[in-house]
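What follows is a set of notes on a single structure, which appears directly below.
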Amino acid sequence: MYRYRKLTTRQRADLVRFRGRHGFPLHSPPHLEDAAGWYLITAATFEHRPYLADDADRAEILRQLFEEFEPQGIECAGWVVLPNHYHVLVHTVDLAKAASALGRVHGRTARALNGRDKTPARKVWYRYSDRLIRSERHYFTTLNYIHHNPVKHGYVEQPRQWPCSSVHWYEEELGREWLRDCWVQYPIRDYGKGWDDAR
């Protein structure tokens, strides 16, 4: 959406034609995969506005995600919730069920936030994107990416300083040394580059 705004009129028209020819949504991320597996799911607030500005709002999003995922058999291995987006690393046998779960959480949280802020017509969420995990390297690098996301965006200096993150679960269950080894073995430099070749 944001890159689209920077395109020229001709580039926009070419992009819309390309998406139409391939059956993709015209102005939102296509969901090309529907295989069972691990996925990085990213959802952002509309125009990346910080609607999840406090810890309680972020914790509530996470609580609702887990509440929706569990009955669907969706396993969540990593998460981080920031003021304007979140990432979850989930395993599902049916991506459509995960999409429905996200839709329910986004609908409820948008209504709650808008009710609290007295902005009933405000658009809170802007869809989501999914990325099928291609390999063990992709999986653990993605986990590191999730845990370091608050650092990347300048909210904290160390991943452990951000409360709404699975880094705390990993530290408690597997230890700080495990996290350090994972970081050394699977660094996030050039994150995403070459994933399609890393099967």
Side-chain angles (χ1 to χ4, degrees), residues 2 29 31 33 35-45 48 50-70 72-92 95 97-99 101-102 105-106 109 125-196 198:
Y2 310 107
H31 303 292
E33 310 275 6
W38 287 100
Y39 287 86
L40 171 64
I41 294 179
T42 301
T45 57
H48 282 272
Y51 293 139
L52 310 173
D54 62 53
D55 289 340
D57 290 336
R58 294 187 289 271
E60 179 60 16
I61 289 286
L62 189 59
R63 185 194 68 75
Q64 289 196 37
L65 287 169
F66 279 121
E67 190 176 87
E68 286 288 340
F69 288 163
E70 188 177 348
Q72 301 296 327
I74 299 168
E75 181 183 354
C76 189
W79 60 87
V80 68
V81 184
L82 300 174
N84 59 10
H85 71 285
Y86 67 81
H87 300 287
V88 290
L89 179 59
V90 299
H91 185 273
T92 182
L95 190 58
K97 286 185 179 179
L102 296 177
V105 171
H106 291 177
T109 56
W125 293 102
Y126 183 73
R127 305 197 190 272
Y128 74 93
S129 64
D130 57 73
R131 183 70 167 133
L132 181 64
I133 300 299
R134 305 298 208 230
S135 65
E136 180 178 300
R137 179 175 73 95
H138 191 181
Y139 176 94
F140 286 107
T141 308
T142 297
L143 189 62
N144 285 330
Y145 176 80
I146 287 170
H147 291 161
H148 284 77
N149 211 245
V151 177
K152 172 188 172 187
H153 291 288
Y155 293 112
V156 291
E157 293 181 5
Q158 298 291 328
R160 293 171 51 248
Q161 295 170 328
W162 191 255
C164 201
S165 167
S166 57
V167 72
H168 304 289
W169 184 92
Y170 282 92
E171 183 176 22
E172 185 176 311
E173 294 295 317
L174 300 176
R176 197 175 294 184
E177 188 174 324
W178 185 91
L179 283 167
R180 191 178 306 113
D181 290 346
C182 187
W183 173 254
V184 169
Q185 190 170 355
Y186 303 99
I188 59 174
R189 64 177 176 271
D190 298 327
Y191 181 76
K193 185 176 181 181
W195 289 146
D196 289 332

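Every heavy atom of this structure was used, including side-chain atoms; hydrogens, water molecules and symmetry mates were not.
Taking the ring-ring contact (aromatic ring centres under 6.0 Å, His included) definition, one finds that Phe69 meets it with nothing, sequence neighbours left out.
For Ile188 against Tyr145, the heavy-atom pair with the smallest separation is CG2-N, 3.4 Å. Closest of all the heavy-atom pairs between Asp55 and Pro163 is OD1-CG, 3.7 Å. In this structure, Ala98 and Ile41 approach most closely via the heavy-atom pair CB-CD1, 4.4 Å. Taking each heavy atom of Val80 and Pro150 in turn, the nearest pair found is CG2-CG, 3.7 Å. The two residues Val105 and Ile61 have their closest heavy-atom pair at CG1-O, 4.3 Å. For Ser166 against Ala77, the heavy-atom pair with the smallest separation is OG-O, 4.4 Å.
Side-chain contact between Leu102 and Leu65: present, with at least one pair of heavy atoms (C-beta onward) separated by less than 4.5 Å. Using a 4.5 Å heavy-atom cutoff, the side chains of Leu82 and Trp162 are in contact. Side-chain contact check for Ser165 versus Arg160: every heavy-atom pair is 4.5 Å or farther apart. Between Leu89 and Ile133 the shortest side-chain heavy-atom distance falls below 4.5 Å. With contacts defined as side-chain heavy-atom distances shorter than 4.5 Å, the pair Phe66/Leu62 qualifies.
Using the six-membered ring where Trp is involved, Trp125 and His106 have ring planes that are parallel, under 30° apart on the 30 and 60° scheme.
No option in Ile146, Asp130, Leu132 other than Ile146 meets the side chain to side chain contact (heavy atoms under 4.5 Å, CB included) test with Leu40. Test Tyr139, Tyr39, Trp38 against His91 for ring-ring contact (aromatic ring centres under 6.0 Å, His included) and you get one pass: Trp38.
A side-chain donor-acceptor contact under 3.5 Å links His147 to the backbone of Val167. For Ser135 (side chain) and His138 (main-chain N/O), a donor-acceptor pair under 3.5 Å exists by modelled atom type. Thr42 places no side-chain N or O within 3.5 Å of a backbone atom of Ser129 that could act as its donor or acceptor partner.
With rounding to the nearest 0.5 angstrom, the OG1 atom of Thr92 is 7.5 Å from the NZ atom of Lys97. Atom OH of Tyr86 and atom CG of Leu52 lie 9.5 Å apart (nearest 0.5 Å).
Between the side chains of His153 and Asn84, no donor N or O sits under 3.5 Å from an acceptor N or O. Glu68 and Gln64 form no side-chain donor-acceptor contact under 3.5 Å, judged by distance and modelled atom types alone.
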Please tabulate, for side-chain N and O atoms in residues 173-186, each donor-acceptor pair with protein atoms closer than 3.5 Å (sequence neighbours left out).
from	atom 1	to	atom 2	distance (Å)
Arg176	NE	Glu171	OE2	2.8
Arg176	NH2	Glu171	OE2	2.9
Tyr186	OH	Glu136	OE2	3.0

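Heavy atoms of other residues, nucleotides or ligands lying less than 6.0 angstrom from CD of Gln161 number more than 12.
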